[in-house]
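Written out below as structure tokens is the structure these notes cover.
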Number of protein chains: 2
Amino acid sequence: MPTYQGPIHDVLFLLNEVFDYDAQITTLPGFEEVTPDIVAAILEGAAEFAEDWLVPINLPGDLAGCKWENGNVTTPAGYKAAYDAYRKGGWPALAAEPEYGGQGLPASLALIVREFIASGSMSFGMYCGLTLGAYRSIAAHADDALKRIYLPKLADGSWAGTMCLTEPQSGSDLSSIRTRAEPDEDGTYRITGTKIFISGGDHDLTENIVHLVLARLPGAPAGTRGLSLFVVPKHVPVVEDGIVASTVPNAVNCGSIEHKMGIRAQATAVLNFDGARGWLIGAPNGGMRAMFTMMNSSRVGVAVQSVGAAEIAWQNALAYARERRQGRGPDAATKAPDGGPEPIIVHPDVRKNLLTMKALVEGMRGLYIDAAIALDVKARHPDREVSDAADGTLALLTPVLKAFISDCALRVTDTAISIFGGHGYIHENGIEQFYRDARIVPLYEGTNAIQALDLVHRKLALGDGAIAERYFDTIAALIAEQRSNPRLDDMSTALDNALQLLRECTAILRRHGEDDAVEAAACASDYLRMFGFVALGAVWLRIAAAADSALARSPERTDFLSGKVKTARFYFERLLPETWVCHSAITVGSRSLLAIPETEL
Amino acid sequence: MPTYQGPIHDVLFLLNEVFDYDAQITTLPGFEEVTPDIVAAILEGAAEFAEDWLVPINLPGDLAGCKWENGNVTTPAGYKAAYDAYRKGGWPALAAEPEYGGQGLPASLALIVREFIASGSMSFGMYCGLTLGAYRSIAAHADDALKRIYLPKLADGSWAGTMCLTEPQSGSDLSSIRTRAEPDEDGTYRITGTKIFISGGDHDLTENIVHLVLARLPGAPAGTRGLSLFVVPKHVPVVEDGIVASTVPNAVNCGSIEHKMGIRAQATAVLNFDGARGWLIGAPNGGMRAMFTMMNSSRVGVAVQSVGAAEIAWQNALAYARERRQGRGPDAATKAPDGGPEPIIVHPDVRKNLLTMKALVEGMRGLYIDAAIALDVKARHPDREVSDAADGTLALLTPVLKAFISDCALRVTDTAISIFGGHGYIHENGIEQFYRDARIVPLYEGTNAIQALDLVHRKLALGDGAIAERYFDTIAALIAEQRSNPRLDDMSTALDNALQLLRECTAILRRHGEDDAVEAAACASDYLRMFGFVALGAVWLRIAAAADSALARSPERTDFLSGKVKTARFYFERLLPETWVCHSAITVGSRSLLAIPETEL
């Protein structure tokens with residue numbers, strides 16, 4: 001049975017020593033009181049919640065799965081109790097606005113809490129994350145009347161949320177959505193259609209579920225420009241004197257749930273809307289815009305969730321490597337000729353795998369926390385130029401966060417299986433579940449291939465390329481700053497080289513974007529991967545610099561800090577070179593790929 | 001529900017046009033009659049068996065799993081019937097000696113049949129493969145009396161086999177095996193101990209199961225030098241007049257079976273030997289040697305099985321990419337501005353994934369078939385020098401076949417999930433099962449990390465390095481031969497460059513092997529990966545050369561042949577560069593890896 005401890009120490013190191021969280025956040029209006037003490041206390045509470053309530057139900061919940069009977073879904077044993085504890089702890093309200101019952105804390109902090117929750121149970125975290133997403137979409141696009149009804153219910157967690165996009169014929173391509181919305185006389189709409197793959201589509205955790213549904217108004221244009229977004233509650237609230245007095249069932253029916261590879265305690269539902277009552281939010285035919293509020297934050301959420309899955313896999317792999325005795329290290333014969341079996345961490349290959357995991361997990365966390373801070377800066381910074389800059393960087397990085405981090409999470413969870421050997425293949429050890437759960441992250445919220453197209457086609461073009469240039473310039477500035485530190489010189493040099501390659505490929509991709517859409521699409525995934533490795537490298541250089549400077553003044557933390565510097569070095573020496581392959585693919589181009597007619601496959 | 005067609009066309013192309021199978025095999029004593037017609041007929045029969053009997057039971061069998069009750073295991077519905085059909089078809093006897101009821105056909109042909117069977121159901125194929133392994137071990141090491149009892153039963157499939165090595169404290173490191181063997185007065189032994197992770201450890205497919213058990217004789221030396229190998233039948237045969245008249249139960253008890261990530265129709269058992277009667281095979285304390293007969297062929301078997309899993313994943317991914325319409329290709333706006341959704345194969349990223357799968361699957365198959373032919377040459381070639389050479393090459397390549405091909409199979413089956421998107425995550429589509437089933441291949445029969453150590457420590461040292469040199473020389477000769485063909489010049493050049501890097505790294509590893517065991521161990525996996533890519537490159541150059549020369553004389557096969565040449569080009573341009581990362585790791589060395597004390601992790 002896996003164990004887990006919320007990585008508070010690592011998070012606080014990133015917040016306090018790498019990203020100067022206090023200075024960045026408490027200067028934002030409304031966050032003046034988010035002191036390091038408050039932050040630490042919240043992280044401790046979140047870690048405790050994940051450790052006590054989620055880790056114990058995760059493995060049994062995978063075995064039991066959700067059950068569907070007569071249109072109703074039951075979550076596995078313990079999920080309802082954990083959800084009640086989650087509500088009682090005030091977790092759904094963390095970053096919600098005080099006027100709707102929220103605690104008004106930074107979105108960045110809420111995201112870190114979501115990492116811990118995802119470590120405890122990815123399935124559980126999805127119910128919570130979708131609810132937060134629904135909250136944000138309604139807050140951003142609905143009118144006040146709807147906000148007053150829905151936001152307090154979502155903020156206190158008594159209602160949950162979903163995002164209803166996919167239909168059988170319409171997955172990656174939303175333009176083919178067929179669900180219809182007919183206006184009713186009372187200003188509401190009747191929604192009719194079938195949605196599939198709806199996470200949290202039905203369950204027994206809350207008294208109501210708020211579906212956000214993409215559908216077409218009569219006479220709407222074809223394609224995505226004809227989609228509108230609707231709030232469609234499972235139970236329609238009856239409002240008296242401004243408060244929800246009761247609810248009546250809506251014509252939303254859960255037709256079945258999927259039997260999936262992982263996240264088996266998460267109900268992935270087929271929902272049938274049969275003239276269900278809905279409320280338009282955002283403008284008519286403005287559904288994509290409204291939905292993107294939710295999708296963009298969901299994509300950052302996927303990165304966070306990926307780190308959660310990778311973190312618990314890493315913790316357990318490290319513990320196992322220290323404990324499992326099998327064989328002897330390559331230098332055992334000289335070191336201790338008569339000794340018995342040694343812990344497998346003495347095997348250099350095991351150690352390489354562990355370091356790969358550590359370098360990826362901690363780098364990925366740095367990457368998302370940096371972006372999460374930008375989320376708060378974008379939303380709150382009084383200087384428009386600063387908030388716009390944060391917005392631009394975030395837009396640029398969102399596909400990288402989603403795709404690169406989810407890919408890395410697969411690699412980390414897969415490596416954990418390898419460290420456990422045959423024991424990793426056995427369900428009761430809980431390791432293979434981390435991989436199976438994580439296998440969804442590259443697929444949903446826009447497949448990673450689509451993220452790559454978004455990066456290459458939309459994001460590189462932002463500000464006619466200026467947003468990407470500015471991001472690269474900040475990395476170049478970081479490198480220049482660290483050049484003066486001879487102890488990190490190898491790292492600055494490695495990152496500088498990789499950045500040059502990335503800039504070179506960026507220019508190539510920008511050209512393709514203008515005149516060769518096929519070539520651009522063929523290289524997009526390689527480009528995103530390369531971008532991700534460089535972005536992770538920038539995080540590691542910052543971590544190394546912070547740890548290196550702290551080493552002199554905090555000798556009592558030598559193990560921790562020196563471990564960071566050395567992991568950074570490992571990253572630059574052994575992982576960053578993977579960018580070469582991407583560079584080669586982009587510069588060689590896709591002739592060989594495109595030369596083969598379909599008939600020759 | 002997945003579909004499958006035995007890849008007869010591809011196999012025959014490799015046999016007839018790439019490897020000159022007819023000339024190589026029919027010149028071996030005893031194989032004179034293995035004509036191309038016979039080979040084709042056997043492949044057709046095997047394909048039909050896999051298609052008709054195995055594919056239909058594979059997905060339901062994954063859902064149902066094996067059941068354990070009161071020490072007895074029941075396989076899922078359809079497995080017994082399929083096994084009976086397998087016996088009736090004479091498949092277990094294919095490569096067995098005629099004197100024991102076998103058909104005396106080449107081992108290489110039997111391995112190809114195993115690929116088809118593994119595609120149909122990996123779980124099923126393992127019951128069969130273990131039986132063949134038991135047959136070979138007994139044939140190689142037991143005395144005539146035992147052979148006469150056991151071999152006919154294994155050859156007709158009425159008895160099955162297992163390989164009992166692992167114990168709770170003894171996985172990768174067999175030196176810590178504790179199972180004891182006490183000599184009895186009648187010349188047999190009483191075996192006592194617990195074995196875990198025993199594939200096919202119990203089931204209802206056969207009337208008896210023959211366990212090959214590693215155990216220690218009284219007073220045996222510590223470590224692996226003190227292990228002996230025993231035949232321990234589940235039911236002890238009572239022999240009358242030289243034939244098995246009946247059986248009596250032995251003290252072997254199946255304590256439980258594992259709940260696993262995949263191969264869920266395969267019973268992975270805990271076996272308790274409680275003074276069970278066993279017969280020594282091979283010399284006392286010669287168990288490792290005897291077991292290695294079985295393990296080496298099992299490792300080639302793992303490669304074959306890996307190709308089987310990868311092949312069915314590839315077939316289904318290709319079919320899905322041709323059929324699933326979603327979005328439009330990057331050049332659709334110019335090609336057909338008013339068209340509807342196109343099959344996803346038009347997306348360059350999907351096509352890249354498909355080509356990656358094709359290049360790996362077909363290359364891997366070429367690699368194992370080449371090795372499988374060497375197996376027959378080694379066993380039968382009258383010229384000792386030729387058979388010794390085959391033996392050496394096979395020894396060198398065995399860890400590469402096992403580890404590189406199993407790693408590639410994971411990549412292929414994982415890529416299939418990506419091509420299916422969210423639908424790949426749903427059990428009923430059958431795609432995620434291929435990954436889960438294949439996830440065991442890098443772990444068992446010696447983890448891939450152990451294969452890498454075997455390659456670096458034992459295999460590179462064979463003949464003081466001459467075996468590896470000779471293998472590289474054959475690749476160099478192949479390159480030289482193809483230099484004259486300008487149409488393949490880019491490929492010869494790419495392979496030549498990669499071969500130079502591999503030779504350079506070989507020299508480094510050979511040096512480390514002598515004076516720096518830690519560094520050798522730290523680079524071993526990278527080295528094996530690099531070796532694998534070069535070996536696959538050699539196969540692809542041979543395929544490209546054969547296809548290129550056939551193109552001129554067989555215009556009616558242009559699609560097929562041109563597809564081969566172009567896939568080869570894709571391999572050299574887009575996949576072979578992955579060797580650079582391995583080269584970098586080996587040349588940079590493992591300072592960064594080894595510099596971190598365990599306390600800093």
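Sequence lines set the chain letters: A, B, ... in the order given, protein chains first and strands last, and positions in each chain run from 1. Scope of the values below: all heavy atoms of this structure, side chains included, with no hydrogens, waters or symmetry mates.
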query: Under a 4.5 Å heavy-atom cut-off, does chain A meet the side chain of Thr567(B), its backbone, both or neither?
result: both
statement: If you tally heavy-atom pairs under 4.5 Å between each of Arg569(B), Glu428(B), Arg322(B), Gln433(B) and chain A, the highest tally belongs to Arg322(B)
Under 4.5 Å from any heavy atom of chain B - which part of Tyr435(A): side chain
field: Asp526(A) portion near chain B, given a 4.5 angstrom heavy-atom threshold
entry: both
field: Taking every non-hydrogen atom, the tightest pair across Asp349(A) and Ser525(B)
entry: OD1-OG, 2.6 Å
query: So which of Arg324(B), Gln169(B), Arg328(B), Lys352(B) has the biggest tally of heavy-atom pairs under 4.5 Å with chain A?
result: Lys352(B)
- prompt: Considering only heavy atoms, which portion of Ile596(B) lies under 4.5 Å from any heavy atom of chain A: side chain, backbone, both, or neither?
  reply: both
task: Specify which of Lys260(B), His347(B), Arg325(B) makes the most heavy-atom pairs with chain A at under 4.5 Å.
output: Lys260(B)
field: Contacting moiety of Ser175(B), where chain A heavy atoms sit under 4.5 Å
entry: neither
Closest heavy-atom pair and its distance - Pro348(A), Val518(B): CG-O, 3.7 Å
task: Select, from Ala452(A), Gly171(A), Pro577(A), the one with the greatest count of heavy-atom pairs under 4.5 Å involving chain B.
output: Gly171(A)
- request: Below 4.5 Å from any heavy atom of chain B, which atoms of Thr579(A) appear? Answer side chain, backbone, both or neither.
  value: neither
field: Toward chain B, the part of Ile196(A) with a non-hydrogen atom under 4.5 Å
entry: side chain
Part of Ile426(A) within contact of chain B (heavy atom distance under 4.5 Å): both
statement: Assert top hit (heavy-atom pairs under 4.5 Å, partner chain A, pool Arg591(B), Glu598(B), Glu519(B), His457(B)) equals Glu598(B)
task: Give the member of Val588(A), Ile417(A), Leu594(A) that has the highest number of heavy-atom pairs under 4.5 Å with chain B.
output: Ile417(A)
field: Step-by-step side-chain contact (heavy atoms from CB on, under 4.5 Å) determination, Leu601(B) to Ile345(A)
entry: CA-CA 11 Å; Leu601(B) 278 173; Ile345(A) 197 170; 3.7 Å; yes
- prompt: Quick one: which residues of residues 436-443 of chain B reach chain A at under 4.5 angstrom, heavy atoms only?
  reply: Arg436(B), Asp437(B), Arg439(B), Ile440(B), Leu443(B)
- prompt: What residue in Ser590(B), Gly329(B), Pro341(B), Ala321(B) has the most heavy-atom pairs under 4.5 Å with chain A?
  reply: Ser590(B)
- request: Name the member of Pro597(A), Ser592(A), Gly563(A) that forms the most heavy-atom pairs with chain B at distances under 4.5 Å.
  value: Ser592(A)
- prompt: With no hydrogens and no angle check, is any side-chain donor or acceptor of Tyr425(A) less than 3.5 Å from a backbone partner on Gly262(B)?
  reply: yes
- request: Return the option, out of Glu258(A), His259(A), Glu578(A), His423(A), with the maximum number of heavy-atom pairs under 4.5 Å with chain B.
  value: His259(A)
field: Engaged part of Leu575(B) at the chain A interface, taking heavy atoms whose separation is under 4.5 Å
entry: neither
message: What part of Leu593(B) gets within 4.5 angstrom of chain A, counting heavy atoms only: side chain, backbone, both, or neither?
response: both
query: Heavy-atom distance under 4.5 Å to chain A: side chain of Phe197(B), backbone, both or neither?
result: side chain
statement: Ranked by heavy-atom pairs below 4.5 Å to chain B, first place among Thr599(A), Leu318(A), Thr447(A) goes to Thr599(A)
field: Proximity breakdown for Phe570(A) and chain B, heavy-atom pairs closer than 4.5 Å
entry: both
- line: The interface call for Asn429(B) against chain A, heavy-atom contacts under 4.5 Å, is neither
Side chains of Ser172(B) and Gln326(A), donor plus acceptor under 3.5 Å: no
message: Under 4.5 Å from any heavy atom of chain A, what part of Ala524(B) do you find: side chain, backbone, both or neither?
response: neither
- request: Examine distances only and state if a side-chain atom of Arg574(A) and a backbone atom of Gly589(B) form a donor-acceptor pair shorter than 3.5 Å.
  value: yes
Partner of Glu600(A) by salt bridge (charged side-chain N to carboxylate O under 4.0 Å, His left out), out of Arg351(B), Lys566(B), Lys564(B), Lys358(B): Lys566(B)
- prompt: Who wins among Gly340(A), Gly327(A), Ala520(A) for the most heavy-atom pairs under 4.5 Å with chain B?
  reply: Gly327(A)
- request: Under 4.5 Å, counting heavy-atom pairs only, tell me which of Gly424(B), Ser418(B), Ser176(B), Cys523(B) racks up the most with chain A.
  value: Ser418(B)
- prompt: Which region of Leu63(B), side chain (C-beta onward) or backbone (N, CA, C, O), has a non-hydrogen atom less than 4.5 Å from a non-hydrogen atom of chain A, or is it both or neither?
  reply: side chain
Heavy-atom proximity to chain B below 4.5 Å, by part of Pro168(A): backbone
